[in-house]
Amino acid sequence: MSREKILTVQDISCVGQCSLTVALPVISACGIETCVLPTAVLSTHTAFKPGWTFRDLTCDIEPISKHWESENITFKAIYTGYLGSREQVDLILKLIERHLEKDGTAIVDPAMADGGVLYKGFPEDFPKDMARLCAVADVILPNITEACLMTDSEFRTEYDEEYILSLLGKLGKLGCKKVVLTGVSFSPEKLGIAVYDCKTGKTDYYFNDKLPRMSHGTGDVYASAFVGAYMNGKSVYDSAALAADYTVKTIEATIDDDSHWYGVKFEKELGYLIDRIKN
Ligand code: PXL
C-alpha cells in the first residue's frame with residue numbers, strides 16, 4: 001500500500017458542504033490519497049434549523065484503529081476537524097500515536113465555534129478538550145472565536161495587532177508548533193490570516209479584499225485547501241495564503257446565489273486550486 005496518504009477525521013454532514021463532503025473532494029483533487037474516519041453522521045450541519053439527525057460514531061473509532069493496526073496502516077498526515085464528542089479527543093490522541101508516521105504531520109482544525117459562540121450541541125467546556133488535541137499538533141487552524149475559547153481570552157470584533165499577537169502567544173503555549181489564525185482584520189476592507197511560529201514567535205500576515213458576505217463552511221474549505229497545498233510540499237505560509245485565495249474564489253462563486261446560504265460552491269473553483277498548487 002502506498003505510504004503517501006493522509007487521514008482526515010471529522011463528521012459527515014450529508015447535506016451542507018462542510019467537513020468530510022468538503023475535505024474528501026478538495027484534498028483528493030490536490031492529488032493526495034485521502035482516507036476518512038467519520039466522527040459522526042448528521043443529516044445536515046448544525047446551522048440548519050433544529051431537527052437534524054446526529055449519530056455519534058465514537059464507539060467505532062477504537063475498533064477501526066485496531067483493525068488498521070493489524071494491517072500496519074499509517075499516514076503521512078492526520079487532519080482533524082469537527083468532532084462528535086469530547087471522548088473522541090483521547091481516542092484521536094491515541095490514533096495519532098499509533099497511525100501517524102514518525103515524520104508525519106498532525107493538523108488540527110478546532111472546528112467548534114464562530115462569531116463568538118460555540119456551535120450548537122457542544123458542551124461549554126469542550127474547548128478545553130479541543131485544546132488538548134491542539135497541544136500535539138504541528139499546525140492548528142483556529143478562527144478567532146476558537147482561539148479565544150481555547151485560551152480563555154475575551155472575544156472581540158474590534159481589535160488591534162496587539163490583541164492578535166497576544167492571542168497567538170497564548171495559542172503557542174498550548175504546545176502546537178505553528179498556528180494559522182483565520183479571520184484576522186485590521187481594516188474594514190481587508191480580511192486575512194496570521195501565521196505564527198510558536199518557537200521563534202515570528203508572525204506573518206496575508207490579506208485579501210474583504211467580501212460583503214460571510215459564508216458557512218468556509219473554515220472547512222480553507223483547512224482542506226491548506227492540507228492539499230501543504231501535502232504537495234508548499235510551506236505553511238504559502239499553503240495558508242493559497243488556501244485563503246481559494247476560499248475567496250469559492251465565496252465569489254456563491255455570492256450571487258442567496259438560496260445557497262449553507263455552504264460555498266467550492267467545486268466550481270477546484271481547477272483554480274489545482275493550477276495554483278502546480279505552480
Ligand atoms: O463547518 C463546520 C461544521 C462541521 N460539521 C458540523 C457543523 C459545522 C458548523 O456548523 O455543524 C456538523
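Keep in mind that this is a model prediction, so the values were computed, not measured. Both ligands and their constituent atoms are indexed starting at 1 by order of listing.
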message: Checking Glu161 now: which residues fulfil side-chain hydrogen bond (donor to acceptor under 3.5 Å, both in side chains) with it, not counting sequence neighbours?
response: Tyr205

- prompt: Does Lys249 make a cation-pi contact with Tyr272, if we ask for NZ or CZ under 6.0 Å from the ring centre and within 45° of the axis?
  reply: yes

message: For a quick test of reading the model, state the closest non-hydrogen atom pair linking Pro110 to Met130 and the distance between them.
response: CB-CG, 3.4 Å

Partner set under salt bridge (Lys or Arg N to Asp or Glu O under 4.0 Å) for Lys173, not counting sequence neighbours: none

Contact residues of ligand 1 (heavy atom under 4.0 Å), by chain and number: Asp11, Ser13, Cys18, Ser19, Leu42, His45, Thr46, Tyr82, Tyr119, Asp220

query: So which pairs with a foot in residues 198-208 pass salt bridge (charged side-chain N to carboxylate O under 4.0 Å, His left out), sequence neighbours left out?
result: Lys202-Asp204

- prompt: Taking the six-membered ring of Tyr246, is the NZ or CZ of Arg276 close enough (under 6.0 Å from the centre) and on axis enough (within 45°)?
  reply: no

